[in-house]
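Step one of this worksheet: look at the structure below.
So that the names make sense, note that chain A is the first sequence line, chain B the second, and so on, each numbered from 1. Basis for what follows: all heavy atoms, side chains included, without hydrogens, waters or symmetry-related copies.
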Amino acid sequence: MLQLRNIRYAVDGTDGKRTILDGVNLDFNDGEQTIITGHNGSGKTTLAKIIMGIITPNDGTVVLDGDDITGLSVSERARRGIAFAFQQPVRFKGLTVGDLLEAARGGKPTRAELCDCLSEVGLCAVDYIDRELSGNLSGGELKRIEIAMALIRKCRVSVFDEPEAGIDIWSFDRLSGAFAALKGEGRISVLVSHQERIMRGADKLVVLDGGKVARVGAPDEVLKHIRSVSVSACGRLAGGENNGKRA
Amino acid sequence: MANALNELEKRLLAQVADLEALPQSGAFNLRENGKGVARGNSAGVEITPKTDKSGIDISVKAGVKGESVHIPVIMTESGLTDLVYNDFYIGEDAEVVIVAGCGIDNCGSQKSQHDGIHAFHLAKGSRVKYIEKHIGTGVGTGGRVLNPVTEIFMDDDSAFDMETVQLGGVTTSVRKTTATLGKGAKLNISERVLTSENQTATTYFEVDLVGKNSSVEVVSRSVARDGSVQEFVSEVRGRTACFGRVECDGIMMDNAVIRSSPRVSAENVDAELMHEAAIGKIAGEQLVKLETLGLSKQDAEAMIIKGFLK
Ligand SMILES: Nc1ncnc2c1ncn2[C@@H]1O[C@H](COP(=O)(O)OP(=O)(O)O)[C@@H](O)[C@H]1O
Ligand SMILES: [Mg+2]
């Protein structure tokens, strides 16, 4: 089980301290998939990065299987079994898709593994393993490779920050399948998403609002509540017409 | 020596020319400690020593395809200064791979220096792939100095593809490359430089796009660590309808200094010239990305640099 306890994070703003996350408590159970959603700027990326150790909270603890891992570095957490896919993929001059998947897997993957892993994100290994992760790849391609790097690690905890952004509907279909397959075997997955289809397939839906947990529950119920409160403000959750926009 | 290479010679040869031994086929010339020590011609390539100064003339016959020329230089004696002139004449429509380069091993306290002046004369339609590696090894306090000069004269529709690599160990280098391009000629230069300690490396590129529709692309990637200093100066002049692009990326670490001044001069409205220069430390987000894959900070750094200099 992964637990966030009283997570608080604030930054120095122009007019004093600005609180980004304010007392967040969440439990992620073994074998469960949780979706975190909420308005742009509500703190979703910050929360995801706190799980990976990329951001250190001012207060609060991150607990994995009973161990306090708040003090562990990013590499240490990765080795403890946490994978992370960035909202904005990083480019590398001179490193190929193959190089990065090998680093992600911690050893040379077989051709079959590469094929499986890249086809889960809708890419053909033959066309991509030797491509440089630089400006020659489109945003959508980079995004899918970013997701593949997290998938190939087959970690106990996998965190994906808006994996659907910039992905075409055909690849998205496959991707939904890959996320559904993350469930089970006691694995924990956390997805930041605005996609109703991804939300409905999850076990739990969390709504963040202004750095606080506004609601947690079964996806159907939480979605129903969101609609009843404000159709206009949360319309994006229902319609999906904003799919592709980055928060 | 000629046929029996010792371990040090073998290692240098492997590092600068990817050769395990003296080549059995293709043309070659091995220069060691200021003297030509082994030479061989092939059906399409003739190498003749110069009579007026030190160096060789390399003639590649017109129409020759698929031949290679290896002309490595190795220096294993401390305190030697070697100046050599090599002239290449590439016949019409010939296609050839030329592997040059210099390895200096200096275990002594005196300076070892090699200045190789290479001139390439490409006839119409000829194509050259030129690979040049420079390395310095040895624990001596004497400097390892390399000053390669490359002059390229390209006739119409010829192509020159140059890979120049200097990955460590060279105390001081000044690399000067100039080129004049005729109609439709294509020049491609890729440079990789790594410096550390108190080393200095300076690169000058000067390219004249004289012939219509000629083009040049220069990609320079360098890494400077410790207190090393690098300078990159390039000037591309477009005198007609032509295309030129210079990309210069530098990663600096520790207290290193990198200076870059890419300059483009367009002297015709149809000259399309551009340059991009980016210098800085390793991007923090790249390090973090690799750390999320389980790499330590040191391993992440090493992987980024290795890829960048590939
Ligand atoms: N380092 C920072 N300095 C100042 N403000 C920040 C910083 N990081 C994030 N923020 C702000 O915190 C809020 C939450 O950001 P983020 O977690 O990226 O939101 P989300 O992913 O939900 O869109 C935003 O208003 C953002 O501008
Ligand atoms: Mg975000």
Check each atom of [X] against the heavy atoms of chain B and say whether the ones under 4.5 Å are side chain, backbone, both or neither.
| X | value |
| --- | --- |
| A:L100 | both |
| A:R91 | backbone |
| A:E132 | side chain |

Give me the atom names and distance for the closest heavy-atom approach of [X] to [Y].
| X | Y | value |
| --- | --- | --- |
| A:L95 | B:I304 | CD1-CA, 4.5 Å |
| B:S296 | A:S75 | CA-OG, 3.9 Å |
| A:F86 | B:V288 | CZ-CG1, 3.9 Å |
| B:T292 | A:A78 | O-CB, 3.4 Å |
| B:L293 | A:A104 | CD2-CB, 3.8 Å |

Salt bridge flag under 4.0 Å for residues B:E247 and A:K93: yes
Salt bridge A:D99-B:K310, side-chain N to carboxylate O under 4.0 Å: yes
More than 12 heavy atoms of other residues, nucleotides or ligands under 6.0 Å from [atom1] of [X]: is that the case?
| X | atom1 | result |
| --- | --- | --- |
| B:K176 | NZ | no |
| A:K17 | NZ | yes |
| A:R5 | CZ | yes |
| B:K129 | NZ | yes |

Under 4.5 Å from any heavy atom of chain A - which part of B:D249: side chain
Pairwise distance CZ(A:F92) to CE(B:M303) - rounded to 0.5 angstrom: 7.5 Å
Best-contacting candidate, A:R79, A:E76, A:R77, against chain B by heavy atom pairs under 4.5 angstrom: A:R79
A:M149 vs B:K289 side-chain heavy atoms within contact, under 4.5 Å: yes
